[in-house]
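FYI, the numbering just counts along the sequence from 1.
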Amino acid sequence: MQPAIETEPITETRGDDWVWPLALIGDNDVPVDLTGCTFDGAALSWRGGALPLTTVNGRLILGATGELTVTVARADTINVPDGQRARAVIPIIDTLGCRSTLLIIPILVIAP
């Protein structure tokens, strides 16, 4: 299993649209091929609640060459309490069925 990659905290305003475009780059600056990978269990979570991040609900958008965009609409972010740290956790299951935690993104939520 690969180690998790934890980013610096992102500050977001409750009630805004949250959009985080990410580019996954592997060895030799080659984009990671996400074809056939799944992200079962990806979620934006906080103490007392969570929002699943899936391609079905449109909160995870996959590009062809390593692009992964997390997008959470303002109608959902209004429910994330401010004053505490939330986090987005994005596990990845590769085409061989190996699961690892791809990213952990801490989010400092502030009031509008």
Side-chain angles (χ1 to χ4, degrees):
M1 181 177 289
Q2 297 175 357
I5 298 170
E6 184 163 350
T7 67
E8 292 294 318
I10 297 172
T11 300
E12 290 287 4
T13 303
R14 183 171 45 89
D16 282 353
D17 291 325
W18 298 352
V19 180
W20 309 312
L22 308 167
L24 306 177
I25 305 297
D27 296 334
N28 301 321
D29 293 329
V30 175
V32 175
D33 184 1
L34 298 174
T35 304
C37 294
T38 60
F39 302 88
D40 186 40
L44 170 64
S45 60
W46 60 92
R47 185 179 306 142
L51 293 171
L53 304 173
T54 70
T55 56
V56 174
N57 67 21
R59 293 184 186 134
L60 277 183
I61 302 167
L62 303 178
T65 55
E67 294 114 11
L68 176 68
T69 301
V70 177
T71 178
V72 185
R74 66 186 67 212
D76 293 322
T77 68
I78 196 69
N79 298 312
V80 181
D82 59 15
Q84 65 172 302
R85 186 175 286 183
R87 66 185 192 154
V89 177
I90 305 172
I92 186 170
I93 302 169
D94 67 20
T95 56
L96 299 175
C98 296
R99 180 184 180 97
S100 59
T101 299
L102 181 61
L103 290 170
I104 300 172
I105 305 169
I107 306 150
L108 178 60
V109 182
I110 60 175

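Every residue meeting the salt bridge (charged side-chain N to carboxylate O under 4.0 Å, His left out) condition with Asp82, not counting sequence neighbours, appears here in chain and number order: Arg14. Scanning for salt bridge (charged side-chain N to carboxylate O under 4.0 Å, His left out) contacts around Arg87 gives an empty result, with sequence neighbours left out.
Going from atom CD1 of Ile93 over to atom OG of Ser100 covers 9.0 Å, rounded to the nearest 0.5 Å.
Looking at Val80 and Trp18, their side chains come closer than 4.5 Å, going by heavy atoms from C-beta outward. Within the 4.5 Å cutoff, side-chain heavy atoms of Val32 are placed close to those of Leu34.
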Below 3.5 Å, can you tabulate the donor-acceptor pairs from side chains in residues 54-76 to any protein atom, sequence neighbours excluded?
| residue | atom | partner | partner atom | Å |
| --- | --- | --- | --- | --- |
| Thr54 | OG1 | Val56 | N | 3.3 |
| Thr54 | OG1 | Asn57 | N | 2.9 |
| Thr54 | OG1 | Asn57 | OD1 | 3.2 |
| Thr54 | OG1 | Asn57 | ND2 | 3.3 |
| Asn57 | OD1 | Thr54 | N | 3.2 |
| Asn57 | OD1 | Arg59 | N | 2.9 |
| Asn57 | ND2 | Pro52 | O | 2.9 |
| Arg59 | NH1 | Pro52 | O | 2.8 |
| Arg59 | NH2 | Asp76 | OD2 | 2.8 |
| Thr65 | OG1 | Glu67 | OE2 | 3.1 |
| Arg74 | NH2 | Asp17 | OD2 | 3.2 |

Review item, side-chain donor-acceptor pairs of residues 35-45, under 3.5 Å, at least two apart:
| residue | atom | partner | partner atom | Å |
| --- | --- | --- | --- | --- |
| Thr35 | OG1 | Asp33 | OD1 | 2.6 |

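With hydrogens and angles ignored, the 3.5 Å screen pairs no side-chain donor or acceptor of Trp20 with any backbone N or O of Ile105.
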